[in-house]
Q: 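Can you read through this structure? Questions will come right after.
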2 protein chains.
Amino acid sequence: MSLSLSDLSQEVLATQYAVRGPIVTRARELERSGKAIIYCNIGNPQALGQKPLSYVRQTLALMQYPELALRNPQAFPPDVLERAAELLKSSGGGLGAYSESKGLRIVREAVARFIAKRDSDGSLTLGADPESIYLTDGASKGVQSVLRLLIASDRDGIMIPIPQYPLYSASITLYGGRQVGYYLDESSGWSLSRQELERAHARAVAEGVTVKAICVINPGNPTGAVLDRDNIAMVIAFAKEHGLSILADEVYQQNIYRPEDKFVSFARVLAELGDTDVCLFSFHSCSKGFHGECGQRGGYLEARNVSSEVMAQITKLQSIALCANLSGQVLVYLMVRPPEPGEASFDLYEKEKREILGELAARARLLAEGLNRIPGYSCAPITGAMYAYPRIKLPFGRSDSEYCLALLEETGICLVPGEGFGQVEGSAHFRTTILPPREQLHQVLEKLENFHRRWR
Amino acid sequence: MSLSLSDLSQEVLATQYAVRGPIVTRARELERSGKAIIYCNIGNPQALGQKPLSYVRQTLALMQYPELALRNPQAFPPDVLERAAELLKSSGGGLGAYSESKGLRIVREAVARFIAKRDSDGSLTLGADPESIYLTDGASKGVQSVLRLLIASDRDGIMIPIPQYPLYSASITLYGGRQVGYYLDESSGWSLSRQELERAHARAVAEGVTVKAICVINPGNPTGAVLDRDNIAMVIAFAKEHGLSILADEVYQQNIYRPEDKFVSFARVLAELGDTDVCLFSFHSCSKGFHGECGQRGGYLEARNVSSEVMAQITKLQSIALCANLSGQVLVYLMVRPPEPGEASFDLYEKEKREILGELAARARLLAEGLNRIPGYSCAPITGAMYAYPRIKLPFGRSDSEYCLALLEETGICLVPGEGFGQVEGSAHFRTTILPPREQLHQVLEKLENFHRRWR
């Protein structure tokens, strides 16, 4: 075997992706040897029993095999038949043909309408341009394209929250850039302050780093914190002052669990401020929300205040692997174009949506309360996204990676240690999803408590 | 707008991907302004009217909406119902859940059986290991992962054929490596000689390049040439002598049109030679062959003679964007596990397959003959893949890029100029697919001839 690690790209070797790191590899091994594993490491709702939406799957089934519409039209509601027909007509080859590199125009137009509707109200009308929208294989690929574009040298830095979703740290390392971490404040519900952003930026600049962009995850992963309008305006002002682009990871925009919280998009606040300077890249996905269609890899990226010559570079990056998968593209369409009141699928869709979101909210409460009852654990309220990120007290000198590995071996519960997300030095955490069904969540909590009492 | 081209990655800016370059962008513009475009630039069969296979689409429709099996079992053949049931059972969440980073184990096992069966005969039994197989979003992503891994510095070179498929040149530029071109000999049907490989290698070494790997496309894209066993053994011997890895792009393995030609895989010849030294990465796809399922982005990568620590790096790269899309993964399964004799779908599947491949062979003949009848054109026989790559005589000082652009403006025919694939200096070519229906091919040929007579 003539190829050894020393022959390989140093950037690849240095890259780490904890959500699927060594603990998950070990879990797969244990599973193959017969141990029952509860995968709490990843936000993968349908692997934990969440059902897909009928409207979505009926349309995709028709797209795969349009003959069904002739053979069994009565098996499909009329609005589903209509959606499938219009998608087949305007895609020029259905699911089997490459689309334009940016993705099907009909889908990008629907995304533009969705953004405009989501972000407009009596006080402000926001538009969106289908040519600034790119359909991607999940949000991850969109994030990677933008980071790839922005990192031009090993002095280029990207600001990321600590704790962060490891897609960011992994991709920045892979593209040879520098992570510039800014800390979220656990003691005030993982809040974000201008002071901390300035501290992190100044320190990076002092080290000779050219800071290019700031990534914000809202609602937060793994923290679950929901940013309000003023927070977002603060980030935009900060970015403007320092000439940074903003990457707004908004994939959990539907996962907000308290009535007092509300999703506010970066696009909306940018428009309120009338800013035409700050480049904004925002990301959305079909994998989260109430769809949970992780395996179908649907997502989009929207660019604002970005010149057409810069956008052409994104198009080129997309074009090399031709286009995002078409089922994912269609899923984006169905996500941004749900059945409307009066359409045949409307009632069922609303019912399925309500049940999923209601269940997620209940599990978020149950999990946070349960974690806080375990002596040695403390968990901020889970106000958004799909995770708990409790702080845990460990014996002196022990790491959360060791903890999570030992927990896996003993109980079969697969978590991601805090080391994968980043944390204040000396603290220890893990990330777990809120997704297991309630009965299983109770078991998880019980096992965690028993394990934690005894682990030394 | 604070972001300008000078802020961006130089590698991204330098990257070119001709198959979807400026000519295609112009074609889209013309199309939106009402001009009828014939897209001959890309191997996208279903966009040009090729029908998907019933077996494949029925199974995927069931995977999307399993309730169909309860509501209308009679709409599906029993083998389709069975395949969908086993895939749903073993995928732990169906199309909606992330799979393992490498892809669903059931699919990788089926790929391993497919390779073993394809490459074994009375004289040799070849095995394949599911753990060395990675499911990818089309073959392109697999090629990109391996190139990403291998290119460790800007002195690292990758040998690619000239002409080549621009995925290779684009990705090598993007990852900051060096292209080391070796010429295929047009005068002898685009053949590949050891002498030319040695020349190219020696020249690169003299320039201070560390050559890491050689890419071979078999059957050739854009050339259509089919390598025989001795050719492949020669490449392996060359790679062994110089310590190179091999990237074998075998996505057109089903697209061979003359009875005297036969697809021989690099894996087979490696096994015949008993070689355990040369690292081989081979690629296959659902986008070509007779499936033509480009939009579904299914493909796989198989590694041979590659250590588990190197493979773990590929797994990590895959894991950052979680996994390949599940419809594509299922498509790979269906491609490598067609209906067997005696199963309900067998006859229809064989009929559809025969018709598609027969039609492609007829179009390949028709196109090559037609191109050779045009004064100033000469085209090698199209023995494999999906393209013609004719040599064209142009007025002194004019490029094939200018030619293709003028042709597009006048006739609406969208081709890719030879400059995008590489060619002997002073020669001019274009690539066109064989995919338009025969009637349309006749029109294309007529328009090309008229245009060529007049263009100055």
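Proteins come first, then strands; the chains are lettered A, B, ... in the order of their sequence lines, and each starts at number 1.
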Q: Can you tell me which of A:R71, A:R28, A:E11, A:Q16 forms the most heavy-atom pairs within a distance under 4.5 Å of chain B?
A: A:R28
Q: Within this structure, what is the OG-CD1 distance for the pair A:S140 and B:I320, rounded to the nearest 0.5 Å?
A: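 Answer rounded to 0.5 Å: 9.5 Å.
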Q: In terms of heavy-atom proximity below 4.5 Å to chain B, should A:Y165 be classed as side chain, backbone, both, or neither?
A: side chain
Q: If you take all heavy atoms of A:S327 and B:Q64, which pair is closest and at what distance?
A: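 Where A:S327 meets B:Q64 most closely, the heavy atoms are OG-NE2, 4.2 Å.
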Q: Ignoring hydrogens, what is the shortest heavy-atom contact between A:A321 and B:R297? Give both atom names and the distance.
A: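 What the structure gives for the nearest pair is O-NH2, 3.3 Å.
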Q: Quick check on B:F76 against chain A: is it the side chain, the backbone, both or neither that has a heavy atom closer than 4.5 Å?
A: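 Contact with chain A involves the side chain of B:F76 alone.
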Q: CD of B:Q10 to OG of A:S153: how many Å apart, nearest 0.5 Å?
A: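 If we round to the nearest 0.5 Å, B:Q10:CD and A:S153:OG are 10.0 Å apart.
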Q: Could you tell me which portion of A:L317 (side chain, backbone, both or neither) has an atom closer than 4.5 angstrom to a non-hydrogen atom of chain B?
A: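 Contact with chain B: side chain only.
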Q: What part of A:I42 gets within 4.5 angstrom of chain B, counting heavy atoms only: side chain, backbone, both, or neither?
A: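 Side chain of A:I42 only, per the 4.5 Å heavy-atom cut-off to chain B.
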Q: Pick one of side chain, backbone, both or neither for A:A324, based on which atoms fall under 4.5 Å of a heavy atom in chain B.
A: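 Only the backbone of A:A324 comes within 4.5 Å of chain B.
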Q: For the candidates A:H291, A:Q329, A:Q296, A:K240, which exhibits the highest count of non-hydrogen atom pairs separated by less than 4.5 Å from chain B?
A: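 Most heavy-atom pairs within the cutoff with chain B belong to A:Q296.
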Q: To the nearest 0.5 Å, what is the distance between CG (B:L3) and CG (A:L150)?
A: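 CG of A:L150 is found 6.0 Å from CG of B:L3.
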Q: Provide the closest heavy-atom pair for A:L8 versus B:Q313 in the form atom of the first, atom of the second, distance.
A: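 Scanning both residues, the minimum pair turns out to be CD1-CG, 4.0 Å.
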Q: Top residue by heavy-atom pair count (under 4.5 Å) with chain B, among A:G328, A:A152, A:A61?
A: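 Looking at each of A:G328, A:A152, A:A61 in turn, A:A61 comes out on top.
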Q: Which atoms of B:S287 come close to chain A, meaning under 4.5 Å heavy atom to heavy atom: side chain ones, backbone ones, both, or neither?
A: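 Only the side chain of B:S287 comes within 4.5 Å of chain A.
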Q: Under a 4.5 Å cutoff for heavy-atom pairs, which residue among B:R105, B:Q144, B:E309 has the most contacts with chain A?
A: B:E309
Q: How long is the span from the OG atom in B:S9 to the CZ atom in A:R148, to the nearest 0.5 Å?
A: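 It is 4.0 Å, given to the nearest 0.5 Å.
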Q: To the nearest 0.5 Å, what is the distance between OH on A:Y17 and CG on B:L322?
A: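 Spacing of OH (A:Y17) from CG (B:L322) equals 4.0 Å.
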Q: Need one label for A:T59: side chain, backbone, both or neither, based on atoms under 4.5 Å from any heavy atom in chain B.
A: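 It is neither, since no heavy atom gets under 4.5 Å.
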Q: Counting only non-hydrogen atoms closer than 4.5 Å, does A:D7 touch chain B with its backbone (N, CA, C, O), its side chain (CB onward), both, or neither?
A: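 When you check distances to chain B, atoms from both the backbone and side chain of A:D7 fall under 4.5 Å.
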Q: What part of A:R304 lies closer than 4.5 angstrom to a heavy atom of chain B: side chain, backbone, both or neither?
A: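 Interface part for A:R304: neither.
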Q: So which of B:L48, B:L149, B:T25, B:V56 has the largest heavy-atom pair count under 4.5 angstrom toward chain A?
A: B:L149
Q: With a 4.5 angstrom heavy-atom cut-off, is it the side chain or the backbone of A:Q318 that approaches chain B, or both, or neither?
A: neither
Q: Based on non-hydrogen pairs under 4.5 Å, which of B:Q50, B:Q58, B:K141 is most in contact with chain A?
A: B:Q58
Q: List the atom of B:K316, the atom of A:V12, and the distance in Å for their closest heavy-atom pair.
A: NZ-O, 2.7 Å
Q: Is A:Y39 close to chain B through its backbone or its side chain, or both, or neither, when contacts mean heavy atoms under 4.5 Å?
A: neither
Q: Please round to the nearest 0.5 Å and tell me the distance separating atom OH of A:Y65 and atom OH of B:Y55.
A: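 One finds 14.0 Å between OH of A:Y65 and OH of B:Y55.
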Q: Answer yes or no: are there more than 12 heavy-atom neighbours, outside A:E131 itself, under 6.0 Å from its atom CD?
A: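 Counting other residues, nucleotides and ligands, CD of A:E131 exceeds 12 neighbours.
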Q: Can you give me the closest heavy-atom contact between B:M63 and A:R57, atom names plus distance?
A: O-NH1, 3.6 Å
Q: Select, from B:L174, B:I151, B:V24, B:L62, the one with the greatest count of heavy-atom pairs under 4.5 Å involving chain A.
A: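 Winner by heavy-atom pair count: B:L174.
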Q: Please identify each residue that fulfils side-chain hydrogen bond (donor to acceptor under 3.5 Å, both in side chains) with A:E241, with sequence neighbours left out.
A: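 Scan of A:E241 (side-chain hydrogen bond (donor to acceptor under 3.5 Å, both in side chains), adjacent residues dropped) gives A:R194.
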Q: Considering only heavy atoms and a distance below 4.5 Å, find which of A:T15, A:L331, A:L68, A:L167 pairs most often with chain B.
A: A:T15
Q: Need one label for A:K212: side chain, backbone, both or neither, based on atoms under 4.5 Å from any heavy atom in chain B.
A: side chain
Q: For A:L13, which atoms come within 4.5 Å of any heavy atom of chain B: side chain, backbone, both, or neither?
A: both
Q: Any residues in residues 93-102 of chain A near chain B, with a heavy-atom distance under 4.5 Å, and which are they?
A: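 Under the 4.5 Å heavy-atom cut-off, A:G93, A:L95, A:G96, A:A97, A:Y98, A:S99, A:E100, A:S101 qualify.
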